[in-house]
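First up is the structure itself, then whatever we jot down about it.
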Amino acid sequence: MVNLAIGGSTNIALHLPAIAHELELELPLSRFNDYSCIIPTCADLSNGPHGMIDLFVASGIPAVMKMLGENLHRDPLTVSGMSIGDIIDQAEVKNATVIPDKAHAFMPEGGTIALFGSLAPEGAVVKQSAVAEHMRVFTGTARSSTPRLMSWRPSVTKH
């Protein structure tokens, strides 16, 4: 949830299903879209005006979690020994420009989504928070080219 809310790494769509598999659970790629529909991008670190330092100064991930409050399970313990709920309760958003509330989020959906279609029937992951709005919809014929094989040889300098 937090990764979706900060426009975080698309690698989450690789690692979480792998962890789920090890636990003999299933986490289909489409589930990221389900969560993205309810989790807005509250801190746009991927393509917005703010960076990681700005997020840290604004109170960081605990403040983002506070914005997501009702969407998070509050009971699990963290490595600090505190529950997620305790961390949320103590969090304070110090800069609402960097971490706005849900009503003023950078995007109404989460930063990472899965696309399905003829080019990617099993799905493809996109960090939509990093894609310009005018590029998010395409109608037309998709073209692909055959990649050329390239070889690379390091230059060797003889002394």
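Here the structure is a predicted model, which means the values were calculated and not measured.
Closest approach of Ala105 to Pro100, counting heavy atoms only: CA-CG, 4.1 Å. Taking both residues in full, the closest heavy atoms of Phe106 and Thr97 are given as CZ-O, 3.6 Å, listed atom of the first, atom of the second, then distance. When all heavy atoms of Ile88 and Gly69 are compared, the closest pair comes out as CD1-CA, 4.4 Å. Between Leu4 and Thr112, the shortest heavy-atom distance links the atoms CD2-O, 3.4 Å. When all heavy atoms of Ser83 and Asp75 are compared, the pair lying nearest together is CB-O, 3.7 Å. Contact between Pro62 and Ala91 at its shortest, heavy atoms only, is O-CB, 3.3 Å.
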Quiz: residues 34-43 side-chain donor-acceptor pairs under 3.5 angstrom, not counting sequence neighbours:
residue: Ser36; atom: OG; partner: Gly110; partner atom: N; Å: 3.0
residue: Ser36; atom: OG; partner: Gly110; partner atom: O; Å: 3.2
residue: Thr41; atom: OG1; partner: Glu109; partner atom: O; Å: 2.7
residue: Thr41; atom: OG1; partner: Gly111; partner atom: N; Å: 3.2

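Within 6.0 Å of the CZ atom in Phe56, the count of heavy atoms belonging to other residues, nucleotides or ligands does not exceed 12. Other residues, nucleotides and ligands contribute over 12 non-hydrogen atoms within 6.0 Å of the CD atom of Glu70. By the neighbour-count criterion of 12 heavy atoms within 6.0 Å, atom CG of Leu23 is densely surrounded, having more than that number from other residues, nucleotides or ligands.
Met1 and Leu27 sit in two unconnected hydrophobic clusters of ILVMFWY residues. Membership requires side-chain heavy atoms under 4.5 Å apart, directly or through other members. When the side chains of ILVMFWY residues are joined at heavy-atom separations under 4.5 Å, either directly or via intervening members, Val93 and Met52 end up in a single hydrophobic cluster. Taken together through direct or relayed side-chain contacts under 4.5 Å among Ile, Leu, Val, Met, Phe, Trp and Tyr, Val126 and Met135 form part of one hydrophobic cluster. Under the 4.5 Å side-chain contact rule for hydrophobic residues, Leu25 and Ile19 share a cluster. Note on Leu29: it clusters hydrophobically with Leu16, by side-chain heavy-atom contacts below 4.5 Å among ILVMFWY residues.
At least one side-chain heavy atom of Asp89 sits less than 4.5 Å from a side-chain heavy atom of Arg74.
A distance of 9.0 Å separates OG1 of Thr10 from NE2 of His15, quoted to the nearest 0.5 Å. Note: Lys66 NZ to Ile99 CD1 = 11.5 Å, rounded to the nearest 0.5 Å. The line from CG of Asp101 to CG of Leu68 is 11.5 Å long, rounded to the nearest 0.5 Å. Between the CG atom in Asp86 and the OG atom in Ser80 there is a gap of 8.0 Å [rounded to 0.5 Å].
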For this session: Given side chain to side chain contact (heavy atoms under 4.5 Å, CB included), test Thr78 with Ile84 step by step and report yes or no.
Result: CA-CA 7 Å; Thr78 66; Ile84 289 175; 3.9 Å; yes

For this session: Dump the intermediate steps for side chain to side chain contact (heavy atoms under 4.5 Å, CB included) on Val57 and Lys94, then the final yes or no.
Result: CA-CA 7 Å; Val57 172; Lys94 294 182 181 174; over 6 Å; no

For this session: List the steps and the verdict of side chain to side chain contact (heavy atoms under 4.5 Å, CB included) for Ile61 and Ile6.
Result: CA-CA 9 Å; Ile61 297 301; Ile6 64 170; 4.2 Å; yes

For this session: Evaluate the criterion side chain to side chain contact (heavy atoms under 4.5 Å, CB included) for residue pair Val125 and Phe32; output intermediate values, then yes/no.
Result: CA-CA 9 Å; Val125 179; Phe32 288 90; over 6 Å; no

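Side chain of Asn33 to backbone of Ser30: no donor-acceptor contact under 3.5 angstrom is found.
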